[in-house]
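I have placed the structure first, in the form of structure tokens, so that the comments after it can refer back to it.
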Number of protein chains: 2
Amino acid sequence: MYTIGKLSKNTGVTVRTLDYYDEIGLIKPSAKTSGGHRLYNDDDLMKLERVLALKYMGFSLDKIKVIMENSNPTWEQSIQQQLDLVKKEQERLKMLEHTLNGILYSIELEGEVSWPIVFSIIQLYQQDPEKALEQYKEYLNIEEMEKVMKMNATNMSKADIQEWVECIKDIKNHLDLDPTSDKARVLAERWLNQAEKMFDCDENLLGSMWEALQNMGEGIVFYPMDKDVVHFIERVFTINNQQRERNDDS
Amino acid sequence: MYTIGKLSKNTGVTVRTLDYYDEIGLIKPSAKTSGGHRLYNDDDLMKLERVLALKYMGFSLDKIKVIMENSNPTWEQSIQQQLDLVKKEQERLKMLEHTLNGILYSIELEGEVSWPIVFSIIQLYQQDPEKALEQYKEYLNIEEMEKVMKMNATNMSKADIQEWVECIKDIKNHLDLDPTSDKARVLAERWLNQAEKMFDCDENLLGSMWEALQNMGEGIVFYPMDKDVVHFIERVFTINNQQRERNDDS
DNA sequence: CTTGAACACAACGTTACGTGTGGTTTTATA
DNA sequence: TATAAAACCACACGTAACGTTGTGTTCAAG
């Protein structure tokens, strides 16, 4: 027989918590002294340990109560449900992580918090990823979309992203460069290298993506790849191609 | 100028919430009618949208208040902190996911909830993963441990695990089989196949793991690989090896 | 000028306890 | 055995971020 204080010390649960569990009928002491002090036995201790285990699994006290009352068959189901919940929450957090990362990159690129960009980024991730990609469906088929999704989620390391940001930052700072200049060509080629690395060897996908980027007029596309950057690269490459053709002709 | 109702409809935020934000001084209306009705202007609307954005990022209203008051330089830091927090929470949830999965498998194996096993599994994952592996450090070096960690986290698909569980379940149901019998040999070889698939082609790692499994007496090792199973497999293989040697001699 | 909608303000409920306060019971010491 | 000290009980209020409900007031339309 333990008093509430002993039980508290044995389990690390505060007295107040045990008090509360008694109050809501989760763990009632199996006896009381004549003076009204609560006395717990080993059965109660076991119950408490089970409650703590269920709490660790993330169940609410309400559910724990229900689970402990009707024993046997619901258990597996409850745990499965909890597992699904945990998975969903993880997905939410991963989205949030991407959002926060995007915002951090935007701060780094712009030098300060740009609210329109923040809103765009949030909008981009807020809806489920499928909807976010829906705007591309004119240019990409389903397989390609899945590839892009996977790429965005797994293939890009911290360092890769950093390189991207640096590259785009550089281009943004030189948007007014003469497209025929060497510097412009270097910038565009650096971008192309990045893109090819990212899309590995899937030239088709890169082409489709590029077409999509060019045609999607509105605001942010894939942050930090905005319209200005896309148009800059486009100008540089068209001009260089024309020059090369002329060279080939002569 | 919007009344509280208009602002509510424009933003999708309930009137009560705006009421509350006014109450805690987060967004105060910039004017009031003579009758005391609140009037919000476009500045207030912008503020509200920023608050919503920060809320989406997971900040508490308290922090949002602080952030909105002292503007500029703390932003990046705050967001970085939030990002770190999100990452930590994700790690916690991943651990929890593993725990819940383990418990589900244990239910499948035992046919019911076995509390000692549940406690072991929780203990296994509760502490950070490094500590969980510390018990193996007598038998594995750092590189090997990292490999095991990665394997546990990524390489195993749902189906792989299912196969494992089936295999172990089968063995558990036949622990008292004669180690020289064909059935026993089949079971042990099935286990070996699984193990080789899991460890791919890293025979050394498999050997070290096996040694560790044999020597770690206490309770759960890698659930669902408990002592009984390990000893069964050990018996079968030693006996079969002896027989083969005798055959070679004769 | 009247009605009904919109609004302001207040109070209580939610989760899982923390943090007290004052009074009672048990235990240890003199 | 008397008294001090520790443990305990019950009660109540506070947390975050609002939802819900209720009452009294003001606004806009007819």
Side-chain angles (χ1 to χ4, degrees), chain A residues 1-41 44-45 47-68 82 85 89 92 96, chain B residues 1-41 44-45 47-68 82 85 89 92 96:
Chain A
M1 286 293 193
Y2 317 88
T3 69
I4 198 170
K6 304 285 178 188
L7 188 61
S8 164
K9 272 182 193 159
N10 277 349
T11 60
V13 178
T14 67
V15 172
R16 174 65 183 112
T17 299
L18 292 171
D19 202 8
Y20 181 62
Y21 290 171
D22 182 14
E23 192 183 323
I24 64 174
L26 191 56
I27 294 174
K28 286 191 180 273
S30 44
K32 286 200 173 190
T33 67
S34 55
H37 284 196
R38 286 168 275 214
L39 294 174
Y40 298 87
N41 62 18
D44 298 327
L45 195 152
K47 256 209 238 174
L48 175 58
E49 279 170 350
R50 293 175 184 192
V51 166
L52 293 181
L54 290 169
K55 233 165 77 78
Y56 178 80
M57 297 182 214
F59 290 102
S60 72
L61 296 187
D62 258 9
K63 289 208 173 171
I64 293 178
K65 219 173 125 184
V66 174
I67 292 178
M68 303 268 297
Q82 193 63 19
L85 224 148
E89 180 65 6
R92 227 208 71 221
L96 185 52
Chain B
M1 286 294 192
Y2 317 89
T3 68
I4 199 169
K6 305 282 180 191
L7 188 62
S8 165
K9 273 181 192 160
N10 277 349
T11 58
V13 179
T14 67
V15 172
R16 174 65 183 112
T17 300
L18 292 171
D19 202 9
Y20 181 62
Y21 289 172
D22 181 15
E23 192 183 323
I24 63 172
L26 191 55
I27 295 175
K28 286 191 180 271
S30 45
K32 287 201 173 190
T33 68
S34 55
H37 284 197
R38 286 168 273 213
L39 294 174
Y40 297 87
N41 63 17
D44 298 328
L45 195 152
K47 256 208 240 174
L48 175 56
E49 280 170 348
R50 293 175 184 191
V51 166
L52 294 181
L54 290 169
K55 232 166 78 77
Y56 178 80
M57 296 183 215
F59 290 102
S60 72
L61 296 187
D62 257 10
K63 287 206 174 172
I64 293 178
K65 221 172 121 184
V66 174
I67 292 178
M68 303 270 295
Q82 193 63 18
L85 224 147
E89 181 65 7
R92 226 207 71 218
L96 186 52

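Proteins come first, then strands; the chains are lettered A, B, ... in the order of their sequence lines, and each starts at number 1.
- Nucleic acid contact class of A:Lys32 (heavy atoms, under 4.0 Å, all strands): sugar-phosphate only.
- When the side-chain nitrogen and oxygen atoms of B:Thr33 are compared with OP1 and OP2 of D:dC27, one or more of them lie within a distance under 4.0 Å.
- For B:Lys63 and D:dA17, the NZ to P distance is 11 Å, given to the nearest whole Å.
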Can you name the atoms? Protein N/O to nucleotides 3-8 of chain D N/O, anything below 3.5 Å, with the distance.
residue : atom : partner : partner atom : Å
D:dC8   : OP1  : A:Thr3  : OG1          : 2.4
D:dC8   : OP1  : A:Gly5  : N            : 2.8
D:dC8   : OP2  : A:Gly5  : N            : 3.3

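- In this structure, CG of B:Asp19 is placed 18 Å from P of D:dT25, rounded to the nearest angstrom.
- At least one donor-acceptor pair closer than 3.5 Å links the side chain of A:Ser8 to the backbone N or O of A:Val13.
- Atom-to-atom distance recorded for B:Met68:CE and B:Leu61:CG is 11.5 Å, nearest 0.5 angstrom.
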Find every protein N or O atom lying less than 3.5 Å from an N or O atom of nucleotides 19-22 of chain D, and list the pairs.
residue : atom : partner : partner atom : Å
D:dG19  : OP2  : B:Thr14 : OG1          : 3.0
D:dG19  : OP2  : B:Thr17 : OG1          : 3.2
D:dT20  : O4   : B:Arg16 : NE           : 3.3

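- Taking atom CG on A:Leu39 and atom P on C:dT25, their separation rounds to 15 Å, with Å as the unit.
- Taking atom CG on A:Asp22 and atom P on C:dC17, their separation rounds to 14 Å, with Å as the unit.
- The separation between A:Tyr20 atom OH and C:dA16 atom C1' is 5 Å, rounded to whole Å.
- Of all nucleotides listed (C:dC17, C:dT15, D:dC18), C:dT15 comes nearest to the side chain of A:Asp62.
- Between the NZ atom of B:Lys9 and the NZ atom of B:Lys6 there is a distance of 6.0 Å, given to the nearest 0.5 Å.
- An OP1 or OP2 oxygen of D:dC18 is reached within less than 4.0 angstrom by a side-chain nitrogen or oxygen of B:Tyr21.
- Between the CG atom of B:Leu61 and the C1' atom of D:dT15 there is a distance of 13 Å, rounded to whole Å.
- Regarding B:Ile24, its CD1 atom lies at a distance of 10 Å from the P atom of D:dA16, rounded to whole Å.
- Note on A:Lys55: only backbone sugar-phosphate atoms sit closer than 4.0 angstrom, heavy atoms only; bases stay farther off.
- For the side-chain contact (heavy atoms from CB on, under 4.5 Å) criterion with B:Arg38, the lone passing option out of B:Asp44, B:Leu7, B:Ile4, B:Thr3 is B:Ile4.
- One interatomic measurement links the two molecules: CG of A:Leu18 to C1' of C:dT19, which rounds to 16 Å at whole-angstrom precision.
- The residues B:Asp62 and B:Lys65 are annotated as not salt-bridged, no charged nitrogen and carboxylate oxygen being separated by less than 4.0 angstrom.
- The two atoms that bring B:Lys28 and B:Tyr40 nearest to each other are C-CE2, 4.4 Å, heavy atoms only.
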